[in-house]
Amino acid sequence: MVRVLLAFAAAAAVAVAPATAQEWRGWNTHGAGYPNTVALDRWAELAAERSQGRIRIRMFHSAQLGQQDEAIQQLRLGAIDVANFNLTPLNNLVPETQVFALPFVFRDVGHLHRVLDGPAGAIVAREIEAKLGMVVLAWFDSGARSVYTRNRPVRTPEDMRGLKIRVQTSDLFIDLMRALGANPVPLPFGELYTALQTGVVDGAENNWPSYEAQRHFEHARFYSTTEHSNVPEIVVVNRMRWDRLSPQDREILRTTAREAAELQRRLWAERERASREKVIAAGVVVTEIEDRTPFARLMEPLYAKYAATPALRALLEQIRNTQ
Ligand code: GTR
């Protein structure tokens with residue numbers, strides 16, 4: 001009898017344990033040493049420390065839990081608890097995220113950070129929360145995205161004509177490439193290296209750190225500083241998880257996510273420079289686009305299409321009026 005009771009008590013203890021110290025699963029597409037990876041690991045550490053082990057996040061990096069589009073669904077369902085997503089794969093799901101992806105919408109990095117940390121950032125976060133069942137805790141910088149190609153450099157929009165350019169799953173980016181006369185090819189990030197290697201695509205577009213860290217430069221040796229979009233990234237938690245946290249733990253999670261974002265942004269600025277230097281040393285041919293007006297002019301119709309409603313136009317105004 002005693003044995004049975006003891007066994008029962010042990011089983012109950014096991015059953016109860018996850019509610020207090022369950023390990024959360026975190027998703028990240030990037031590998032070791034990448035600014036986002038370092039910052040997310042730091043976030044997990046800080047959250048565990050300050051909650052005295054009540055919040056335990058295990059980060060799975062390098063897209064171990066799947067590619068970004070799948071991970072978004074997994075996070076909505078609660079199979080993944082926290083993640084760092086780029087806004088682009090959310091474009092078709094939450095129209096407000098498209099406004100942050102519009103070409104040349106941010107004046108510079110300072111402007112981008114002030115927008116993210118101000119009322120416009122709060123509006124986009126609120127819409128993501130309302131539509132997707134995830135709570136936005138912080139914003140990461142993702143730099144400027146530029147075009148890179150395999151066979152010849154892009155100097156003008158005419159050079160883009162007919163090129164197969166990989167894009168993320170986003171109608172806005174598909175239209176952006178079409179506006180330049182290119183053929184957009186939606187592909188998961190993890191398949192792009194091979195697609196560049198085998199010539200399935202002629203090029204892609206990304207920031208310096210991803211171009212370097214994913215080793216795309218090995219097969220697409222021409223990088224042209226079009227800097228057409230500064231679409232940023234979010235740190236999110238599944239809504240059900242969030243709702244079950246005490247107010248105190250919510251505060252801990254939010255504050256530590258913001259601290260991680262500060263770290264990410266600092267590391268980002270350094271990594272942009274370092275990645276650029278590294279690929280140049282490896283023989284990449286950089287074409288500096290001095291005058292982006294011809295690109296911007298062709299992309300202009302995206303504004304009418306993707307900031308079409310009064311609410312989206314107001315959001316755009318909010319960005320423009322941010323000093
Ligand atoms: C990177 C971004 C990733 C992913 C990737 C892509 O810059 O950090 O989250 O969006 O681009 O192009 O798929």
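First listed ligand is number 1; within each ligand, the first listed atom is number 1.
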- prompt: What residue and heavy atom of the protein are closest to atom 13 (O) of ligand 1, and at what distance?
  reply: Arg166 NH2, 2.9 Å
field: Arg250 to Trp242 six-membered ring, cation-pi geometry met (6.0 Å, 45°)
entry: yes
- prompt: Is it true that a side-chain atom of Arg178 and a backbone atom of Pro184 form a donor plus acceptor pair closer than 3.5 Å?
  reply: no
Closest protein heavy atom to atom 10 (O) of ligand 1, given as residue, atom name and distance to 0.1 Å: Gln168 OE1, 2.8 Å
field: Short N-O contact, Arg271 and Glu212, less than 4.0 angstrom
entry: yes
- prompt: Is the closest side-chain donor-acceptor distance between Gln98 and Asn91 under 3.5 Å?
  reply: no
- request: Determine, for Arg145 against Glu233, whether the closest basic-nitrogen to carboxylate-oxygen distance falls under 4.0 angstrom.
  value: no
task: Check ligand 1 against Asn206 and write out every atom of the ligand that is under 4.0 Å from a heavy-atom position of the residue.
output: 1 (C), 5 (C), 6 (C), 7 (O), 11 (O), 12 (O)
- prompt: Would you say ligand 1 has an N or O under 3.5 Å from any N or O of Gln68?
  reply: yes
- request: Classify the angle between the aromatic ring planes of Trp208 and Tyr223 as parallel (below 30°), tilted (30 to 60°) or perpendicular (above 60°).
  value: parallel
query: Are side-chain N/O atoms of Glu158 and Thr156 paired as donor and acceptor at under 3.5 Å?
result: yes
message: I'd like to know whether ligand 1 has Arg145 as a neighbour, heavy-atom separation below 4.0 Å.
response: yes
message: Under 3.5 Å between any N/O of Ser210 and any N/O of ligand 1: does that happen in this structure?
response: yes
- prompt: In ligand 1, which numbered atoms sit nearer than 4.0 Å to a non-hydrogen atom of Phe189?
  reply: 5 (C), 6 (C), 12 (O), 13 (O)
task: Identify, by atom number and element, the atoms of ligand 1 in contact range of Glu233, meaning under 4.0 Å from any of its heavy atoms.
output: 2 (C), 8 (O), 9 (O)
- prompt: Is Asn207 touching ligand 1 with its side chain, its backbone, both, or neither, if touching means heavy atoms under 4.0 Å apart?
  reply: side chain
